[in-house]
Amino acid sequence: MIKTALKKILSPSVRLAIKVSQRHLKDITTGTGSKLVNFSEDRKKQGLNLSPEIIISQPIYTTTFSENKIHNLKLAIQRIENLIIQPGEIFSFWHLVGQPNQAQGYLIGRSLIENELQANYGGGLCQLSGLLYFLAIKAGLKIMERASHSLDIYTNETRFAPLGSDATVVYGYKDLRLENSLDIPICFRVEVTSNQITGMLCAVAPIFEYKIEFLEQKVEDGVKVETLRFGKDGLSFEVINRGFYQS
């Protein structure tokens, strides 16, 4: 009840500032902050020498906001791609991208917020975060933080990625965090055209690409999804995530 009352009293900007401060403090007290990858031109130069090992391409469908979405994707990609991630370091989407607001050059796009499609600055970035998450589970990286969408807004004709491979990001509230649990440096590289986005996980040496399957089970009020990752023998598997999407 106290949380609900504060939500009514405090403005969205104040609530966001509190959330960002709380996360920053937690990173300091847990020691996570010292492991976060920071943006630097030197890191980008190092990453340029890495070779693509795992590649995933997804379509970008034409919509009312697709041009703005592509603009937003390209802005965020500049802060992410080719940044070398050493073993044990943590990639944080928002730590690198920052707040996607008008002041940072972001345009209005479509976002799913609290089960409602809304137009807001930085809309469309969830396709990028989902793509990075998909690359990460294929490479066997450790998932430190990832949230799925609560609502499935797509049909089989409009879906650009498997249900269960998404990673919603909401600045200050929901982040995508990945730890490089491999023993070699890696980086992400992303290319965007007018109708396609291609993500690459790059490394200094070959990386085993795990087979991933998303098993869907329709229930009365939505869909349950189990994410399976198969072992190197191609037969054994582990359930790495269970999710539910309202329909």
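Only a predicted model underlies this, so the values are computations on that prediction, with no experimental measurement involved.
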*For Leu178 and Leu176, which heavy atoms make the closest approach, and how far apart are they?*
CD2-CD1, 3.8 Å
_Leu128 to Ile197 - nearest heavy-atom pair and separation_ = CD1-CD1, 4.4 Å
*For the residue pair Phe237 and Phe230, categorise the inter-ring angle as parallel (less than 30°), tilted (30 to 60°) or perpendicular (more than 60°).*
tilted
Note, [X] side chain near [Y] side chain (heavy atom, < 4.5 Å):
X	Y	result
Gln127	Gln58	yes
Tyr245	Ser150	no
Ile70	Glu67	no
Phe91	Leu96	yes
Arg229	Glu213	no
Ile56	Lys138	yes

*Mark yes when over 12 heavy atoms from residues, nucleotides or ligands other than Lys44 sit less than 6.0 Å from its NZ; otherwise mark no.*
yes
*Decide, yes or no, whether a salt bridge links Glu226 with Arg242 under the criterion of side-chain N to carboxylate O below 4.0 Å.*
yes
_Running the 4.5 Å side-chain criterion over Ile, Leu, Val, Met, Phe, Trp and Tyr, what cluster does Ile90 land in, apart from itself?_
Leu36, Met144
*Can you list the residues that meet the ring-ring contact (aromatic ring centres under 6.0 Å, His included) rule with Phe65, with sequence neighbours excluded?*
none
*State yes or no: are the ring centers of Phe214 and Phe134 separated by less than 6.0 Å?*
yes
*asked:* Under a 3.5 Å cutoff, is there a donor and acceptor pairing between the side chains of Asp42 and Ser40?
replied: no
*Just checking, any donor-acceptor pair under 3.5 angstrom between side chains of Asp27 and His95?*
no
